[in-house]
Structures are given as structure tokens and as C-alpha cells.
Protein chains: 2
Amino acid sequence: MRIGELAARAGTTTRTLRYYETRGLLPARRDGNGHRTYDEADLTLLRQIRTLQDFGFDLEETRPFVECLRAGHPEGDVCPASLAVYRRKLDELDALIGELQAVRAKIGVRLALAEDPMCELGGQGL
Amino acid sequence: MRIGELAARAGTTTRTLRYYETRGLLPARRDGNGHRTYDEADLTLLRQIRTLQDFGFDLEETRPFVECLRAGHPEGDVCPASLAVYRRKLDELDALIGELQAVRAKIGVRLALAEDPMCELGGQGL
DNA sequence: GCTTGCCTTGACCTGGGCGTCAAGGCTTAC
DNA sequence: GTAAGCCTTGACGCCCAGGTCAAGGCAAGC
């Protein structure tokens, strides 16, 4: 299949596929006209990339998963490098969620104080 | 005080202050040499901006707070426009935190499955 | 008089993941 | 033969909050 069809089947764009190729993430064969040619396995790789991107992974972080699939594994996340990325991502997410919750709490306090400056947040007006 | 001193006292850089000026957020008076001149009130404005930036606010979102202070209020967040930004930010944070937690959960499941493919997460090996 | 240190403006660079032309080539349908 | 529709490469644009030169000016200290 050619680039347009692959893009359509994966719900993305040709520009994205060319970009992945420049990153060395999804290289393509070429036909006689110089057109890129892909097969079903490439669709699988692409879907793996897209899924992880949707999760907020950087492109580079998807590489171990793609290489894992390319190595013949049925899933991209069974390889040690992929698992390491998962674990790092969980740590990052936990840290980020924690920071966001802290910020949320601070803003909540400030909002309450600004809405009712007499309120000391303990319920006792000062 | 001049730009270098203000930047140092606020823990930021002169580049940042010039950038804020181009954005119309923190305009400066000029002395005879054309050098920017600031006073203590500007330091207060700048600290307000920095605090909100640290919370993850866009520069534009800090504008109501700055204008509130400039209007003479002792706090930048007592004005309606500032409160509206607070509320919008809380909603955004709640949505973002929710998404991140959902992603975190999905990755957690995938990690568990990939680490132990026999485990069905219910505790019963299949 | 010369260096040091502050300041000025202007302009390009960064990162991530593409979007959006521009100019051209090949094939197929009419 | 020509228009439509696919493809090619190259290159610039975008977003945001500044970073990082470059070239120059003015004042103080030695």
C-alpha cells in the first residue's frame, strides 16, 4: 500500500508518515516510481506509535516499542526496553499529577480567599 | 532601579523583562540614557507574574492579575477577571489531571500484563 | 586612555510534531 | 490531450517563553 492509504487507515496524515521516516522510526520501501510502499506490518507499527503518542509519549519513547514489534514480538511492550519506558512514564506521570494537584490546591485556596477575604478557611471569620 | 537589579531581585533575567515589555505586560519608564527604570511597584507586578507562571499560567492569563494590582488593589486576584481565570484554571487542571490519571491507569495495566502475560489482573492465571 | 560593567536594539535559535505551500512527475480516466 | 489524483522533495510556518549572540553606547574606576 502507498502512503496515502496507510495514513488513512491509521487515521493520520502523509506528512506525519514522512516525518516518522525522517526520524528513522518508520522507514519505507520504494516502488519503481520512487513512491513509498508499506505493508500490514507497517500499519501495526504505526498504530503502536499512535497509541503511545495519544498517551503523551514522545516520539523517541515509542522507538523501543516499534523495534520490539519489528523484532518479531506480537506486542511492542514485552521487551525490556519498552517496560523501562513504561516505568519511567509512570514515574513521570505520578510526579506531574502530584505537582498539578498541589497547584490545584493552592489555586483553590487563593480562590476561596479572594472570593471571601473574611473567610480564614477554617470556617471561623476572623 | 534598572533592569538588571529588578531581574535579580525577582530571580529572573533581563531578557524576560524585555519580553514582558514587548507583550505590554510590564512597560518601563526610561531615564535620560534610554535605560529602563522600575520601582518597587513593578517588582510586585513582576512577582505576581512569576508566581502565576510557576503555577503554569500562560503569560496572557497573568494580565488580569497585573491590571488588578495596577488598579490599586493590594492583591492581584481580588478582581472579577482574575477570579474568572482562577476558575477556568481549576477546570483545566481537573480535566488534565483526570486525563493523566486515566493514562496512568492504562499504562499500569499494560505494564502488569507485559511483565506477567499469564496474569489476567484478576489474580487467576488463565 | 582603557577596561569593566551596565545598558540598548535587532535578529535569529530552541523544541516537538507536524501543517502548509511550492514546483514538479507519473498514471489513469475521459 | 488533458485534467484529476496520487506521489515526490524542499522549505518555511507555528506555538511559547524566552536564550543567545551581535554591535554598539555610556559611565565609573584605575
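Since the model is a prediction, treat every value here as computed from it, not as a measurement.
Without hydrogens or angle criteria, A:D91 side chain to A:R88 main chain gives no donor-acceptor distance under 3.5 Å.
Side-chain proximity of B:D58 to the nucleotides C:dG16, D:dT9, D:dA17 is greatest for D:dA17. Among D:dT20, C:dC18, D:dT9, the nucleotide with an atom closest to any side-chain atom of B:R15 is D:dT20. If you check C:dG17, D:dG18, D:dC7 against the side chain of A:L59, the one that comes closest is C:dG17. Residue B:T14 places its side chain closer to C:dC7 than to any other of C:dT9, C:dC7, D:dG18. Closest contact between the side chain of A:R36 and the listed nucleotides D:dC16, C:dT27, D:dT9 involves D:dT9. When the nucleotides D:dG18, C:dT8, D:dT9 are ranked by their closest atom to the side chain of B:H35, C:dT8 comes out on top. Across D:dG18, C:dG19, C:dC26, the shortest atom-to-atom separation from the side chain of B:R50 is found for D:dG18. When distances are taken from the side chain of B:T16 to each of D:dG19, D:dC16, D:dT9, the shortest belongs to D:dG19.
Rounded to an integer number of Å, the gap from CG of B:L6 to C1' of C:dC6 is 15 Å.
The shortest distance between the side-chain N/O atoms of B:Y20 and the OP1/OP2 oxygens of D:dA17 is not below 4.0 Å. For A:R18, a side-chain nitrogen or oxygen approaches OP1 or OP2 of D:dT8 to under 4.0 Å. OP1 or OP2 of D:dG18 has not a single side-chain nitrogen or oxygen of B:T13 nearer than 4.0 Å. For A:N33 and D:dT8, the shortest distance from a side-chain N or O to OP1 or OP2 is not below 4.0 Å. For A:Q53, no side-chain nitrogen or oxygen approaches OP1 or OP2 of C:dG16 to under 4.0 Å.
Salt-bridge annotation for A:R36 and A:D31: absent, with no side-chain N of the basic residue lying under 4.0 Å from a carboxylate O of the acidic one.
For the pair B:K89 and B:F57, the cation-pi test (distance below 6.0 Å, angle within 45°) is passed.
Checked against the 6.0 Å centroid criterion, the rings of A:F65 and A:Y86 qualify as a close aromatic pair.
Looking at heavy-atom distances under 4.0 Å, A:R30 makes contact with sugar-phosphate atoms alone, never a base. Using a 4.0 Å heavy-atom cutoff across all strands shown, B:R2 reaches sugar-phosphate atoms only and no base atom.
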